[in-house]
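Scroll down for the structure; my scribbles are underneath it.
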Amino acid sequence: MASSVAVIDYGMGNLHSVASALSHADSSVKVLVSADPKVIRAADRVVFPGVGAIRDCMAEIKRLGVDDMLREAIAEKPVLGICVGMQALLQSSQENGGVECIGLFEGQVKFFGSDLRDHDGARLKVPHMGWNNVQQDVEHPMWQGIPSGERFYFVHSYYAACHGKPFAMASCNYGLNFTAAIARENLFAVQFHPEKSHTAGLRLLHNFLHWDGRA
Amino acid sequence: MPLAKRIIPCLDVDNGRVVKGVKFLDIRDAGDPVEVARRYNEQGADEITFLDITASSDDRATTVHTVERIAEQVFIPLTVGGGIRKVDDVRTMLNAGADKVSINTAAIFRPELVREAADRFGSQCIVVAIDAKKVSLPGELDRWEIFTHGGRKPTGINAVEWAIKMADFGAGEILLTSMDQDGVKSGYDLGVTRAISDAVQIPVIASGGVGNLQHLVDGVVQGGADAVLAASIFHFGEFTVPEAKRFMQAQGVEVRI
């Protein structure tokens, strides 16, 4: 039987691009977009996306019980968090005046600041929007076939500060070093958008669809 | 290695076909938007912008369908603009697969639309398009004004002040089209590009008047743009995206190769 992946739809943004990128990464996989706990439970893998403001995301996550779905899912199958889906896994975010998050990982999501500068003192724009280099700090099956330093597409104004934590898998620099990927057991999450990162992004999604979890 | 400057081919789409800019050569049709978008995706474009210039709103369904087909096959960010008048139009395009939606004239008539759209969908997907033309006379302090209707109608709005206001209203990015007075491909208006880029904290895409690859470099280096948009130089095979990137890299611009 073909394996399946469920993309959790909690009303935050368009998930078609995530779904079509997953289908493109492996056409034999059945892709489902749903908020139904039964569908999430039955899937072989789960993708936890997220765009927009964290307060709205967390409100919907709690209202629909997505946090419980996630806790249940990570106990038994591979889960991939994307963008705000990664940020929501941390303890809290500075966005929207301070928002408590799901708290599966220790750390805070912080604002890039209104006076962000590069090494030469030149002003950097916020949001951090575009293709930046992802340094793989820890080996992981999800990186297979992707060189460290490969560029992925980012768009965010807040970043995860998990530097030096054992679960920090990758980092990126934009005026400061921030965490680009985190992982523990069945769970892998990225700040960038693999579904918008062309060949490298599709490879990461392909790796996810073939990852048995428990790195 | 820092964040790469983005190269963005732009598809001006009229009735489901890519068309060239107005006064350039004599060729009108530049192909099927899905095929053209796929080609740029394969060439390593960093994003694609799709501007619907269809005059009649009856054909909006065609546009939505085209955006859907592009989004199914192109895995880089896609911005869609043209005829976005209300929050529902933004939602329609996002649901069709656009990553960002560009608002132009409607923001001038009702600036609150930008705030509402950004509140609802997040600033990251709201682009405000500004068509600016220099109105100061030689010897005067530089001043640029916003024009509508393809550069024919002045609005009296100062382009730099408008960009600051739109950023305050929640725009995540500015798509700045500088309109040269004589219609020749003489490059971006670097003055207004620099003025707006310095005035706002959000990224600025330079657009309008690209005739050669040096213009792309100038937009970044002199104009301070975070991304450069071009249409005809790519559509008719004059230059490919990799050629543009290699040229820019050789001039010291950080690009994604």
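Below, chains carry the letters A, B, ... as their sequence lines are ordered, and counting in each starts from 1.
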Ionic contact status for [Y] with [X], cut-off 4.0 Å:
X	Y	answer
B/Glu254	B/Arg6	no
B/Asp89	B/Lys86	yes
B/Asp99	A/Lys196	yes
B/Glu42	B/Arg39	no
B/Lys100	B/Glu47	yes

Selection from B/Ala71, B/Pro203, B/Gly44 maximising heavy-atom pairs under 4.5 Å formed with chain A: B/Pro203

Between B/Val204, B/Asn41, B/Val255, B/Leu78, which has the largest tally of heavy atom pairs under 4.5 Å with chain A? B/Asn41

Parallel, tilted or perpendicular: which fits the ring planes of [X] and [Y], with parallel below 30° and perpendicular above 60°?
X	Y	result
A/Tyr158	A/Phe111	tilted
A/His128	A/His156	perpendicular
A/His193	A/Tyr153	tilted

Check each atom of [X] against the heavy atoms of chain A and say whether the ones under 4.5 Å are side chain, backbone, both or neither.
X	result
B/Gln73	neither
B/Asp119	backbone
B/Ser197	both
B/Ala4	both
B/Asp226	side chain
B/Val74	backbone
B/Ala96	neither

When rounded to the nearest 0.5 angstrom, what distance separates OH in B/Tyr188 from NE2 in B/His215? 9.5 Å

For the atom pair CD1 (B/Ile8) and CG (B/Leu229), what is the distance rounded to the nearest 0.5 Å? 6.0 Å

Quick check against the 3.5 Å criterion: does [X] have a side-chain atom that pairs as donor or acceptor with the backbone of [Y]?
X	Y	result
A/Gln91	A/Gly107	yes
A/Asp44	A/Ser4	yes
A/Tyr10	A/Pro49	yes

Step by step, would you call B/Arg69 with B/Glu72 a salt bridge (charged side-chain N to carboxylate O under 4.0 Å, His left out)? CA-CA 5 Å; B/Arg69 285 169 58 222; B/Glu72 277 165 16; over 6 Å; no

Considering only heavy atoms, which portion of A/Asp115 lies under 4.5 Å from any heavy atom of chain B: side chain, backbone, both, or neither? backbone

Please classify the contact between A/His16 and chain B as side chain, backbone, both or neither, with a heavy-atom cut-off of under 4.5 Å. side chain

Taking only residues two or more places apart in sequence or in another chain, which ones pass salt bridge (charged side-chain N to carboxylate O under 4.0 Å, His left out) with B/Arg194? B/Asp198

Relative to A/Trp131, does B/Arg256 satisfy both conditions: NZ or CZ under 6.0 angstrom from the six-membered ring centre, and within 45 degrees of the ring's axis? yes

Aromatic ring centroids of A/Trp143 and A/Phe188 under 6.0 Å? yes

Can you list the residues of residues 17-36 of chain A that sit under 4.5 Å from chain B, counting heavy atoms only? A/Ser17, A/Ser20, A/Ala21, A/His24

Residues from residues 199-208 of chain A approaching chain B under 4.5 Å (heavy atoms): A/Leu202

Criterion side-chain contact (heavy atoms from CB on, under 4.5 Å) against A/Leu89, the qualifying member of A/Val109, A/Leu70, A/Val79: A/Leu70

Pull out the residues in residues 243-251 of chain B that come under 4.5 Å of chain A, heavy atom to heavy atom, sorted by number. none

